[in-house]
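Worth knowing before you read on, the calculation uses all heavy atoms, side chains too, and leaves out hydrogens, waters and symmetry mates.
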Amino acid sequence: MSEAKWYVVHTYSGYENKVKANIEKTIENRHLEDQILEVRVPLQEVVEMRNGTAKQVQKKMFPGYVLLNMVMNDDTWYVVRNTRGVTGFVGPGSKPVPLTEEEMLPLGIKAEDIQVDFAEGDMVVVTGGAWKDTAGVITAISTQKQTVTINVELFGRETPVEISFAEIKKA
């Protein structure tokens, strides 16, 4: 079996999230989890001024495009190409071209796996950000996003919060 690579799919503008959801549903229905590994709509944090106040919002880095980490073969090509809202793969003619490592760097997508010294159920302390000095138990770890989800007490109830690997340490 060949190696999974990142490909770019062109979609109708404004349909990126719908295409992502449709592809993920098809992956689940056709049991292609081992061939189409990830579907991503790259977002970036932008500060917008509205009514005199600065507000952080997430904007699409590439409107009209969706990234796919997949093993390219006839089945996966057919599934993605025939998803509603997809106009085609990026590449010359009908041959999709995978992204190079250099093209992946600005997107914040790293090829290497990150080893962490904590696991689900471990108690951690937040060392930076809005939740600094807060302790919580890890309920989920996302190596792709490089975040952990911990439960913190907020207004008298447990609330899940997503924190970056860089902002936590084991308690």
Side-chain angles (χ1 to χ4, degrees), residues 1-48 55-122 129 138-151 160-168:
M1 190 162 91
S2 60
E3 186 181 327
K5 292 186 169 59
W6 284 94
Y7 294 90
V8 181
V9 175
H10 190 267
T11 68
Y12 296 124
S13 190
Y15 282 77
E16 300 89 350
N17 291 326
K18 203 171 275 185
V19 166
K20 178 181 191 261
N22 287 344
I23 291 173
E24 287 173 342
K25 190 73 176 161
T26 306
I27 291 168
E28 188 180 316
N29 291 342
R30 293 190 176 211
H31 304 291
L32 296 171
E33 293 90 351
D34 59 333
Q35 295 178 5
I36 303 175
L37 307 174
E38 186 179 355
V39 184
R40 190 182 281 196
V41 178
L43 300 171
Q44 63 183 350
E45 292 282 329
V46 178
V47 177
E48 275 188 358
K55 190 175 180 183
Q56 279 223 333
V57 294
Q58 289 196 324
K59 292 252 178 162
K60 293 180 183 96
M61 288 173 88
F62 309 109
Y65 294 95
V66 175
L67 298 177
L68 292 158
N69 189 10
M70 62 188 266
V71 176
M72 183 58 70
N73 59 37
D74 290 342
D75 290 339
T76 57
W77 180 87
Y78 180 84
V79 164
V80 173
R81 183 65 188 86
N82 291 297
T83 299
R84 185 188 301 259
V86 172
T87 58
F89 280 93
V90 173
S94 62
K95 175 122 174 68
V97 177
L99 292 174
T100 63
E101 289 293 322
E102 294 78 41
E103 291 168 325
M104 296 304 292
L105 287 175
L107 305 178
I109 301 169
K110 311 267 190 303
E112 72 274 355
D113 286 334
I114 290 150
Q115 300 297 319
V116 291
D117 64 341
F118 39 80
E120 287 184 27
D122 286 356
I138 296 175
T139 57
I141 298 175
S142 171
T143 53
Q144 299 219 314
K145 291 198 275 185
Q146 296 185 14
T147 60
V148 296
T149 303
I150 63 170
N151 280 336
V161 178
E162 204 171 65
I163 311 259
S164 167
F165 285 171
E167 294 180 339
I168 61 168

Measure the CZ-OG1 distance between Arg81 and Thr83 for me, rounded to the nearest 0.5 Å. 9.5 Å
Would you please say whether a donor-acceptor pair under 3.5 Å links the side chains of Asn29 and Thr26? no
How close do Asn69 and Ala4 get, heavy atom to heavy atom, and via which atoms? OD1-CB, 3.6 Å
Steps toward side chain to side chain contact (heavy atoms under 4.5 Å, CB included) verdict (Thr139, Glu120): CA-CA 5 Å; Thr139 57; Glu120 287 184 27; over 6 Å; no
Closest non-hydrogen contact found for Arg84 with Val19 is O-CG2, 3.7 Å
Side chain proximity check, Gln56 to Glu48, heavy atoms < 4.5 angstrom: no
Gap separating the CD atom of Glu167 from the CD atom of Glu162, nearest 0.5 angstrom: 11.5 Å
Would Val39 and Ile27 satisfy side chain to side chain contact (heavy atoms under 4.5 Å, CB included), going step by step from the backbone distance to the final call? CA-CA 10 Å; Val39 184; Ile27 291 168; 4.0 Å; yes
Side chain to side chain contact (heavy atoms under 4.5 Å, CB included) involving Pro96 - partner list, sequence neighbours excluded: Tyr7, Met72, Trp77, Phe89
Start with the C-alpha distance between Val41 and Asn17, add both sets of side-chain angles, then the distance that settles side chain to side chain contact (heavy atoms under 4.5 Å, CB included), and finish with yes or no. CA-CA 7 Å; Val41 178; Asn17 291 326; 3.7 Å; yes
NZ on Lys5 to CD on Glu101, rounded to 0.5 Å: 10.0 Å
Check the pair Val71, Thr76 against side chain to side chain contact (heavy atoms under 4.5 Å, CB included), reporting the backbone distance first and the verdict last. CA-CA 7 Å; Val71 176; Thr76 57; 5.5 Å; no
Are any non-hydrogen side-chain atoms of Val80 and Ile23 less than 4.5 angstrom apart? yes
Given side chains that start at C-beta, do those of Leu37 and Met70 come closer than 4.5 Å, heavy atoms only? no
How about Pro42 and Phe62: do any of their side-chain heavy atoms sit closer than 4.5 Å? yes
Would you mind telling me which of Val90, Val66, Val97, Leu68 makes a side-chain contact (heavy atoms from CB on, under 4.5 Å) with Val8? Val90
Nearest-0.5 Å distance, CZ of residue Arg30 to CD of residue Gln35: 11.0 Å
Point-to-point distance, once rounded to the nearest 0.5 Å, from CZ of Arg40 to CE of Met61: 10.5 Å
Check whether any side-chain heavy atom of Pro160 sits under 4.5 Å from a side-chain heavy atom of Ile150, and report yes or no. no
Non-hydrogen side-chain atoms of Glu103 and Thr100 separated by less than 4.5 Å: yes
Side chain of Asp122, backbone of Ala119: donor and acceptor closer than 3.5 Å? yes
Using ring-ring contact (aromatic ring centres under 6.0 Å, His included) as the criterion, list what pairs up with Phe118, not counting sequence neighbours. Phe165
Using ring-ring contact (aromatic ring centres under 6.0 Å, His included) as the criterion, list what pairs up with Tyr65, not counting sequence neighbours. His10
Do the side chains of Ile163 and Thr147 get nearer than 4.5 Å, heavy atoms only? no
Does any non-hydrogen side-chain atom of Lys60 lie less than 4.5 Å from one of Glu16? yes
Specify the closest pair of heavy atoms between Ile138 and Ile141, including all atoms of both residues, with the distance to one decimal. CG2-CG1, 3.7 Å
With a 3.5 Å cut-off and no angle check, do the side chains of Gln58 and Gln44 form a donor-acceptor pair? no
